Engineer: 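Sharing a structure below in structure tokens format, with a few things to ask.
Each chain gets a letter, A, B and so on, in the order its sequence line appears, and its residues count up from 1. What you see is a predicted model; the values in this text were computed from it and never measured.
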Amino acid sequence: MPELPEVETTVRGIRPALLNHRIVDVWLDWPQGLATPDPEVFQARLKGQRIREVTRRAKYIIVTLEADSLLIHLKMTGRLYVVPDDSQQYADQWVHFRFQLDNGYQLRFSDSRKFGRVYLVDDPAIVTADLGPEPLDPAFTLEAFQRRLARRKGKIKPLLLNQSFVAGIGNIYADEALHLAGIHPIRSASTLSEDEIVALWQGIQSVLADGIAREGASVNWYRKPDGTKGQAQNGLRAYGQTGRLCQTCQQAAIEKIVIGQRGTHFCPNCQRETHYGR
DNA sequence: CGGACAACCTGGCGGC
DNA sequence: TGCCGCCAGGTTGTCC
């Protein structure tokens with residue numbers, strides 16, 4: 001479930017310990033998690049490189065080195081920890097990568113389901129080329145959102161999960177954004193009114209910003225780099241709230257359906273299937 | 001382009 | 001208590 005807010009929180013958490021330090025050693029026991037290059041090349045190229053910057057693009061963590069970029073995608077159950085190199089804390093059996101730094105700290109990548117992926121490339125665009133706009137970037141204007149939406153005919157929920165449409169939204173924040181905007185997740189993108197598009201554009205930015213402010217949603221697996229939970233799960237109004245009274249209208253219980261093979265939560269009163277305009 | 005579905009994995013949980 | 005089988009969801013790839 002790491003989505004944009006969880007990945008952003010992770011970046012902020014690991015950045016201070018990493019910045020301007022060198023990677024002096026690399027250990028891994030899950031070569032399949034390494035998308036590119038081969039482990040031997042990976043280790044050889046990483047050793048000695050100084051970390052210039054730690055940033056995020058969509059759900060990718062980008063560690064910019066002197067000559068290369070290290071990209072990490074947490075997928076479903078990935079966690080990054082920064083701990084003293086001899087720490088037994090957060091040395092669980094799911095740690096598959098360890099990056100030893102020159103300051104006595106270790107960056108550990110733990111991933112119980114092994115869906116996560118690590119890339120070492122000379123240009124991060126090799127990995128991020130097909131991603132859509134960053135929803136919290138100033139360039140993500142209402143006009144830009146309207147323009148992208150205009151060409152789409154599919155259901156709005158799967159569209160929000162499409163990373164080439166808008167980058168960084170996952171199942172939790174898609175449900176939250178649609179709930180905030182009062183839009184039924186099964187609605188076709190082409191039927192949204194002007195007002196609904198504005199509400200959705202604002203809703204996306206609002207739920208993501210709130211998620212970051214609360215340091216991510218630890219619905220189950222997600223943890224911050226210090227091992228503690230985020231708090232965004234406490235502010236969710238739709239995701240995981242099945243059967244609970246809607247906090248927005250206090251008129252109906254949140255329902256769960258499946259759209260595009262994804263569990264989808266919504267309020268049948270706030271989010272009407274035949275709610276065109278308002 | 002869109003929709004359906006399988007694949008990648010394994011912990012957690014409901015049901016019996 | 002123990003076992004079985006399903007569910008969870010980010011992303012890619014395949015097929016229609």
Side-chain angles (χ1 to χ4, degrees), chain A residues 1-10 28-36 56-62 71-80 90 92-97 109-119 121 124 126-132 134-135 147-178 185-192 207-208 211 216-223 229-230 232-233 236 238-243 254-266:
Chain A
M1 332 212 157
E3 305 178 27
L4 189 156
E6 290 74 31
V7 177
E8 178 64 29
T9 302
T10 298
L28 65 112
D29 73 347
W30 181 246
Q32 292 92 324
L34 189 55
T36 186
R56 177 191 61 75
R57 173 73 173 104
K59 300 172 192 171
Y60 289 92
I61 293 149
I62 304 179
L71 280 77
I72 300 174
H73 197 302
L74 303 175
K75 290 286 178 81
M76 311 283 302
T77 55
R79 299 170 176 173
L80 282 176
Y90 309 125
D92 55 60
Q93 71 267 39
W94 306 300
V95 171
H96 297 301
F97 287 79
F109 181 30
S110 161
D111 187 1
S112 79
R113 283 183 71 177
K114 297 178 177 170
F115 277 20
R117 285 295 178 269
V118 176
Y119 309 74
V121 289
I126 293 168
V127 180
T128 62
D130 293 335
L131 293 169
E134 281 290 326
R147 223 176 300 124
R148 298 184 74 80
L149 210 46
R151 293 180 256 121
R152 300 296 188 146
K153 289 184 164 62
K155 296 183 178 73
I156 191 64
K157 164 80 186 269
L159 188 58
L160 292 181
L161 295 178
N162 181 342
Q163 300 299 296
S164 64
F165 177 67
V166 184
I169 302 172
N171 210 36
I172 296 174
Y173 296 98
D175 283 1
E176 293 301 310
L178 288 168
I186 209 163
R187 291 274 304 283
S188 169
S190 62
T191 68
L192 298 185
V207 298
L208 293 176
S218 290
V219 171
N220 46 32
W221 272 92
Y222 175 73
R223 292 295 182 276
K229 293 184 177 186
Q233 66 278 11
L236 301 181
Y239 183 88
Q241 308 303 305
T242 312
I254 300 297
E255 291 181 10
K256 183 179 181 184
I257 58 176
V258 175
I259 299 176
Q261 295 125 291
R262 286 293 134 73
T264 299
H265 313 71
F266 70 103

Engineer: Measure from the side chain of Lys256(A), starting at C-beta and using heavy atoms only, and say which of dG11(B), dG10(C), dA8(C) lies closest.
Structural biologist: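 It is dA8(C).
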
Engineer: Does atom CG of Asp29(A) have more than 12 heavy-atom neighbours, drawn from other residues, nucleotides or ligands, at distances under 6.0 Å?
Structural biologist: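 Yes, CG of Asp29(A) has more than 12 neighbouring heavy atoms, counting only those of other groups under 6.0 Å.
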
Engineer: Rounding to a whole Å, what distance do you find between Ile169(A):CD1 and dG10(C):P?
Structural biologist: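 Interatomic distance, CD1 of Ile169(A) to P of dG10(C): 11 Å.
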
Engineer: Does Trp221(A) put a side-chain nitrogen or oxygen below 4.0 Å from OP1 or OP2 of dT10(B)?
Structural biologist: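 Checking dT10(B) against Trp221(A), no side-chain N or O comes under 4.0 Å of OP1 or OP2.
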
Engineer: Send over the distance from Asp111(A) CG to dG10(C) P, rounded to a whole Å.
Structural biologist: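 Asp111(A) atom CG is separated from dG10(C) atom P by 13 Å.
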
Engineer: State whether a side-chain donor-acceptor pair under 3.5 Å links Tyr173(A) with Glu6(A).
Structural biologist: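 There is such a pair between these side chains.
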
Engineer: Looking at every non-hydrogen atom in both residues, tell me the closest pair between Ala58(A) and Ala167(A) and how far apart they are.
Structural biologist: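 Looks like CB-CB, 3.5 Å.
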
Engineer: Check nucleotides 12-16 of chain C against the protein and report each pair of N or O atoms closer than 3.5 Å, with its distance, or say if there are none.
Structural biologist:
none

Engineer: Has Arg148(A) got a side-chain atom pairing as donor or acceptor with Phe165(A)'s backbone, closer than 3.5 angstrom?
Structural biologist: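 The answer is yes, because a donor-acceptor pair under 3.5 Å joins these two groups.
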
Engineer: Using 0.5 Å steps for rounding, measure from the CD1 atom of Ile257(A) to the OG1 atom of Thr264(A).
Structural biologist: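 These two atoms lie 6.0 Å from each other.
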
Engineer: Is the backbone N or O of Phe266(A) less than 3.5 Å from a side-chain atom of Gln241(A), with the two atoms forming a donor-acceptor pair by type?
Structural biologist: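 No.
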
Engineer: Can you check whether Asn171(A)'s main-chain N or O pairs, donor with acceptor, with Glu3(A)'s side chain at less than 3.5 Å?
Structural biologist: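 At least one qualifying donor-acceptor pair exists.
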
Engineer: What is the distance, to the nearest angstrom, from the NE2 atom on His96(A) to the C1' atom on dT10(B)?
Structural biologist: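 His96(A) atom NE2 is separated from dT10(B) atom C1' by 10 Å.
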
Engineer: Given a 3.5 Å cut-off on both pairing distances, which stems involving DNA chain C, each at least three consecutive Watson-Crick or G-U pairs, are present, if any?
Structural biologist: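 Consecutive-pair runs (3 or more) involving DNA chain C: B:2-8 with C:10-16, B:10-16 with C:2-8.
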
Engineer: Ring-plane angle category for Trp221(A) and Trp94(A), please: parallel below 30°, perpendicular beyond 60°, tilted otherwise.
Structural biologist: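 Perpendicular, since the angle between the ring planes exceeds 60°.
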
Engineer: Rounded to the nearest 0.5 Å, what separates atom CD1 in Ile72(A) from atom OH in Tyr119(A)?
Structural biologist: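 Taking CD1 in Ile72(A) and OH in Tyr119(A), the distance rounds to 11.0 Å.
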
Engineer: Nearest whole Å is fine: how far is dA7(B) P from Gln32(A) CD?
Structural biologist: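 Whole-Å distance recorded here is 18 Å.
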
Engineer: Using atom CG of Asn171(A) as one end and atom P of dT11(C) as the other, report the distance to the nearest whole Å.
Structural biologist: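 Roughly 11 Å, once rounded to whole Å.
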
Engineer: Expressed as a whole number of angstroms, how long is the span from Gln261(A):CD to dG3(B):P?
Structural biologist: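 From Gln261(A) CD to dG3(B) P: 11 Å.
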
Engineer: Tell me what Tyr239(A) touches on the nucleic acid: a base, only sugar-phosphate, or nothing, going by heavy atoms under 4.0 Å.
Structural biologist: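 It contacts sugar-phosphate atoms only.
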
Engineer: Has Phe115(A) got its ring stacked on dT11(C), by the test of a centre gap below 5.5 Å and a plane angle below 30°?
Structural biologist: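 Stacking is absent between dT11(C) and Phe115(A), given that the ring centres and planes do not meet under 5.5 Å and under 30°.
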
Engineer: Is there a side-chain contact between His73(A) and the phosphate of dG10(C), meaning an N or O under 4.0 Å from OP1 or OP2?
Structural biologist: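 No, outside the criterion.
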
Engineer: Strictly distance-based, threshold 3.5 Å: is any side-chain N or O of Thr77(A) a donor or acceptor partner for the main-chain N or O of Asp111(A)?
Structural biologist: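 Checking the backbone N and O of Asp111(A) against the side chain of Thr77(A), no donor-acceptor pair under 3.5 Å is found.
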
Engineer: Rounding to an integer number of angstrom, what distance separates dC5(B) and dA8(C) when you compare their P atoms?
Structural biologist: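 That atom pair is separated by 15 Å.
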
Engineer: Between dT10(B) atom P and Asp92(A) atom CG, what is the distance in whole Å?
Structural biologist: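 Going from CG in Asp92(A) over to P in dT10(B) covers 14 Å.
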
Engineer: Strictly below 4.0 Å, heavy-atom distances to any atom of DNA chain B: list the hits from residues 150-161 of chain A, or just say none.
Structural biologist: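 Close to the strand are Arg152(A), Lys153(A), Gly154(A), Lys155(A).
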
Engineer: His96(A) vs Trp30(A) aromatic rings, parallel, tilted or perpendicular, using cut-offs 30° and 60°?
Structural biologist: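 Rings of His96(A) and Trp30(A): tilted, as their planes differ by 30° to 60°.
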
Engineer: Whole angstrom is fine here: how far is it from CE in Met76(A) over to C1' in dC8(B)?
Structural biologist: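 Whole-Å distance recorded here is 11 Å.
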
Engineer: For the side chain of Gln163(A) and the backbone of Leu161(A), is there at least one donor-acceptor N/O pair under 3.5 Å apart?
Structural biologist: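 Yes: the side chain of Gln163(A) pairs with the backbone of Leu161(A).
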
